[in-house]
Amino acid sequence: MTIAHNYEANLAKVMAHLRAEFSNDIDQIMGTVAPDPRFFIVTREHGELELEVAETPAAVRDHYVNLRTSLDVVRSRQIRRIVSDWFVFQQSVATMRARAGLDDHSVEPHDFAVDTAVLFPIAAGGILGEIPWNRTSFAEAAMATRSVHHEPPTEELMETVDLHEAFLGAWCTGDGQKVVDLLEEDCALGIRSCTDADGPMCVGAGKEAIRIALEEQFLSWKPVSFTILNLVVTDWYVFANVRWIGDALSDSGAWSPHEMSTATILPVSGAQRFQAILGYGTSLVPL
């Protein structure tokens, strides 16, 4: 299989998942999810960040069932897309349909748009995960009579570019405190663990929990340098696909050079801080 065919196959898995989402049939949706899922969803429907981790098929099914108690997915139009050999990233405008008669939606069913950035790690059996960030909460979007969002001129994004470069520099220090200094007080972490690549995701809520989680990662993985392979900068998120080179600790206690790649969504707050670190990565590979 050529590289282009591999990319196309990964995109086909995402598009099959989206078509299943539009059907709002849970069985169809689950048929597009890999058997060993890694889902991490951050919402703020009640004014603060709430974390949902789903790492079994049953938990993923519960996520989709719970979402559809109040909402259906009608369609999605892609605005930006990056396809790789192990992930697909998309920014889209999703049209949701609020169901009538529920606490949050006392009016008749109506459609509303939600701006979404979502990362899909890919596995052999389908999408490995769905890691989204919505520009506004579902509740805010549902109540808005009209959604108007004009992206600023590119020169107004330079502060966000500087923030991202500071973030990568902090990550290279292997100091969890320097990373969390760039985050909002109400913040979240959901990434692939370097200490147990096949185990649960590395997650945390709040600065102290994130600092502790990152310090644990840096005990066995010390990133040294990086190359940004793909980058999207907006006024509400940064997406970066980065190749890292560093040193990993072996079971024997010896350090040796390794590489890995990450794909990360970094939501941007109005105070020019990151609200979350949402992403996934490849396994560490010896150099």
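Heavy atoms only: backbone and side chains are in, while hydrogens, waters and symmetry mates are out. Residues take their numbers from the sequence shown, with the count starting at 1.
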Checklist entry - Is any side-chain heavy atom of V224 less than 4.5 Å from a side-chain heavy atom of I245? => result no
Checklist entry - Should Q217 and C202 count as side-chain neighbours, where that means a heavy-atom distance under 4.5 Å? => result yes
Item to check | Short side-chain to backbone donor-acceptor contact, Q275 and P267, under 3.5 Å | outcome: no
Item to check | F274 ring center within less than 6.0 Å of F167 ring center | outcome: yes
Item to check | Qualifying residue for side chain to side chain contact (heavy atoms under 4.5 Å, CB included) with W86, from N10, N6, T282, I122 | outcome: T282
Next on the checklist: Can you confirm whether E8 is buried at CD, in the sense that more than 12 heavy atoms of other residues, nucleotides or ligands lie under 6.0 Å from that atom?
Outcome noted: no
Item to check | Pairs satisfying side-chain hydrogen bond (donor to acceptor under 3.5 Å, both in side chains), at least one member in residues 154-169, at least two apart | outcome: T160-Q272
Checklist entry - Hey, what's the ring geometry for W171 with F218, parallel, tilted or perpendicular (30° and 60° as the breaks)? => result perpendicular
Checklist entry - Heavy-atom count around R81 CZ within 6.0 Å, excluding the residue itself: above 12? => result yes
Next on the checklist: With a 4.5 Å cut-off on side-chain heavy atoms, are M260 and W221 touching?
Outcome noted: yes
Next on the checklist: Do L163 and V238 make a side-chain contact, defined as non-hydrogen atoms from C-beta onward lying under 4.5 Å apart?
Outcome noted: no
Item to check | F39 side chain near I127 side chain, heavy-atom distance below 4.5 Å | outcome: yes
Checklist entry - Hey, are E184 and R44 close enough for a salt bridge, meaning a charged N less than 4.0 Å from a carboxylate O? => result no
Item to check | Side-chain ion pair, D25 and R19, N-O less than 4.0 Å | outcome: no
Checklist outcome for this item: For R61 and I26, the nearest pair of non-hydrogen atoms, with its separation, is NH1-CG2, 3.3 Å
Checklist entry - How are the rings of H17 and Y64 set relative to one another: parallel (under 30°), tilted (30 to 60°) or perpendicular (over 60°)? => result tilted
Item to check | L214 side chain near L189 side chain, heavy-atom distance below 4.5 Å | outcome: yes
Checklist entry - Nearest heavy-atom pair of I131 and I265: which atoms, and what distance? => result O-CD1, 3.6 Å
Checklist entry - Would the number of heavy atoms belonging to other residues, nucleotides or ligands and lying under 6.0 Å from CZ of R97 be above 12? => result no
Item to check | From CA spacing to verdict: side chain to side chain contact (heavy atoms under 4.5 Å, CB included), D115, V93 | outcome: CA-CA 5 Å; D115 292 343; V93 177; 3.5 Å; yes
